[in-house]
Protein chains: 2
Amino acid sequence: MVAESELNTGLLLFLPYRALENRIFAALADAGFDDFTPAQARVMQRIGPDGTRLTELAEQAQITKQTAGFLVDQLEKSGYVTRVPDPTDKRARLVRGAAKAWAAKEVADGVVAEVEREWEDHLGRRRMKQLREALALLREITDPWA
Amino acid sequence: MVAESELNTGLLLFLPYRALENRIFAALADAGFDDFTPAQARVMQRIGPDGTRLTELAEQAQITKQTAGFLVDQLEKSGYVTRVPDPTDKRARLVRGAAKAWAAKEVADGVVAEVEREWEDHLGRRRMKQLREALALLREITDPWA
DNA sequence: CAAAGTAGTCAGAGAATCTGACCAATGTCA
DNA sequence: TGACATTGGTCAGATTCTCTGACTACTTTG
């Protein structure tokens, strides 16, 4: 099913994304953050600095709010997040990252920086800059929350 | 958890990838190819022109061979693939795309071309070329099967 | 204020994934 | 050549992830 000669842009985007994600997971596990799953991480990643509503997490992760709730429950039990009332809406609660989550983010950010350096080494500073520029532009038409 | 000002390269790669995948799925469903799941598609996508072994599909999709077998079973029942003996190894079988799969690929390829045109319209020909170039280069260090 | 919409939960089912154990065929090398 | 390790794949069972449908509580809108 794969085109023989030339990969489509989709796969070309996916490959480095997955490579980076793998690196991050490995590093987190090494650092002792091995009590959450990829699905949980994909939700946790989207929590904003001041907390984010469940519904918004669900939308951005493109899962149902029920699924998001299920995953946040587990993150809460593992101590990665807490839920606090949303002062602006009594129906809602804000999912906030706990200290443990921010510590994990430190590790993850380190890996990202390291991998980005490796990529820049391979592409050259110029091409790396062009890549980020093109991707940032692309985001304007591919990210509904941009 | 998300960086406030600037997204990391990982998310920047993921966003357009997901947008493209969404478009492809929607178009396939419209065209009547609605009897397979995303997980099945991710495996099917990796079948080579002459068939591919289960183990290799599993590796490339980064799932266990048991899971791959489970998904291929379903694709076989839906008529997307067949399994034929591997002439070079009596243990192995080759998973081959059936006519229905190649028809679906036609549709998918059409969408990819369309989306790539849209992206090029947004980025300009020059930047689009740079993007593909950088991604192709990046593949060298991020794709274990390159 | 009534109606419609939004945030979230509960219940139940289906899909996707894993680990462990296993068999048959192939490869290795003393 | 023959024992041993490796590889391709399956079976069984459990866990995790995800969905649909139905529901409550609160908010927004006309």
Side-chain angles (χ1 to χ4, degrees), chain A residues 18 21-22 25-26 29 33-48 50-78 80-96 144-145, chain B residues 18 21-22 25-26 29 33-48 50-78 80-96 144-145:
Chain A
R18 186 176 63 179
E21 197 181 64
N22 288 159
F25 264 87
F33 298 104
D34 55 358
D35 55 346
F36 62 87
T37 65
Q40 288 165 29
R42 260 170 249 128
V43 168
M44 188 159 43
Q45 197 185 5
R46 289 172 165 83
I47 299 173
D50 304 316
T52 305
R53 290 187 188 175
L54 191 64
T55 304
E56 203 185 325
L57 291 178
E59 278 172 4
Q60 293 196 19
Q62 295 194 3
I63 55 180
T64 62
K65 52 190 182 174
Q66 292 93 323
T67 299
F70 171 79
L71 296 169
V72 168
D73 281 349
Q74 298 174 317
L75 287 168
E76 203 172 17
K77 274 177 205 142
S78 316
Y80 283 100
V81 309
T82 57
R83 292 199 239 216
V84 301
D86 182 333
T88 73
D89 188 334
K90 283 181 190 167
R91 291 167 303 177
R93 289 196 282 169
L94 293 173
V95 179
R96 311 184 69 130
W145 297 269
Chain B
R18 186 175 65 178
E21 195 181 68
N22 287 159
F25 264 87
F33 297 105
D34 55 358
D35 54 347
F36 63 87
T37 66
Q40 289 166 27
R42 260 170 249 129
V43 169
M44 186 159 46
Q45 198 185 2
R46 288 171 166 85
I47 299 174
D50 304 316
T52 305
R53 290 187 188 174
L54 191 64
T55 304
E56 203 186 324
L57 291 178
E59 277 172 4
Q60 294 197 17
Q62 294 193 3
I63 54 180
T64 61
K65 51 190 182 174
Q66 293 92 322
T67 299
F70 172 79
L71 296 169
V72 168
D73 281 349
Q74 298 174 317
L75 287 168
E76 203 172 16
K77 275 176 204 142
S78 317
Y80 283 100
V81 308
T82 58
R83 293 200 237 215
V84 300
D86 183 333
T88 72
D89 188 333
K90 282 180 188 164
R91 291 167 302 180
R93 289 196 283 168
L94 294 173
V95 179
R96 312 183 69 131
W145 297 269

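Residue numbers start from 1 in every chain, and the chains themselves are labelled A, B, ... in the order their sequence lines are given, proteins ahead of strands. No hydrogens, no waters, no symmetry mates; every other heavy atom, side chains included, goes into these values.
Regarding A:Phe70, its CZ atom lies at a distance of 13 Å from the C1' atom of C:dT17, rounded to whole Å. Counting to the nearest Å, the C1' atom of D:dT18 and the CG atom of A:Leu54 are 14 Å from each other. Atom CG of B:Asp73 is separated from atom C1' of D:dG9 by 11 Å (rounded to the nearest Å). Nucleotide C:dT6 holds its P atom 18 Å from the CG atom of A:Leu94, rounded to whole Å. To the nearest angstrom, C1' of C:dT17 lies 14 Å from CD of A:Gln40. What separates CD1 of B:Ile63 from C1' of C:dT19 is a distance of 15 Å, to the nearest Å. A:Asp35 places its CG atom 17 Å from the C1' atom of D:dT15, with the value rounded to the nearest Å. Distance B:Gln62 CD to C:dT17 C1': 14 Å, rounded to the nearest Å.
Using a 4.0 Å heavy-atom distance criterion, B:Asp89 is classed as a sugar-phosphate-only contact.
In terms of polar N and O atoms assigned as donor or acceptor, the side chain of A:Arg91 never comes within less than 3.5 Å of the base of C:dA7 in a complementary pairing. For B:Gln66 against C:dG20, a side-chain-to-base donor-acceptor contact under 3.5 Å is present.
When each of A:Thr88 and A:Thr37 is assigned the nucleotide of DNA chain D with its nearest heavy atom, A:Thr37 is the one assigned upstream, toward the 5' end. With the nearest nucleotide of DNA chain D identified for both A:Thr67 and B:Arg53, B:Arg53 has the one nearer the 5' end. Remark on DNA chain C: of its neighbouring residues A:Arg93 and B:Arg42, the 5'-side contact belongs to A:Arg93, judged by nearest-heavy-atom nucleotide.
Checking each of A:Leu94, A:Val72, A:Leu75 against A:Arg83 for a side chain to side chain contact (heavy atoms under 4.5 Å, CB included) leaves exactly one that passes, namely A:Val72.
Look at B:Thr64 and you'll find a side-chain N or O under 4.0 angstrom from OP1 or OP2 of C:dC18. Put simply, B:Thr55 has a side-chain N or O that comes within less than 4.0 Å of OP1 or OP2 on D:dG9.
The nucleotide whose nearest atom lies closest to any side-chain atom of A:Lys65 is, among D:dG9, C:dG8, C:dT19, C:dG8.
Taking the six-membered ring where tryptophan is involved, the planes of A:Phe25 and A:Phe36 are tilted, since the angle between them lies from 30° to 60°.
The structure places CD of A:Glu76 at 12.5 Å from CG of A:Leu71, a figure rounded to the nearest 0.5 Å. The CD atom of A:Gln45 lies 7.5 Å from the CD atom of A:Glu21; values are rounded to the nearest 0.5 Å.
For the residue pair A:Arg46 and A:Arg42, the shortest heavy atom distance occurs at NH1-O, 2.9 Å.
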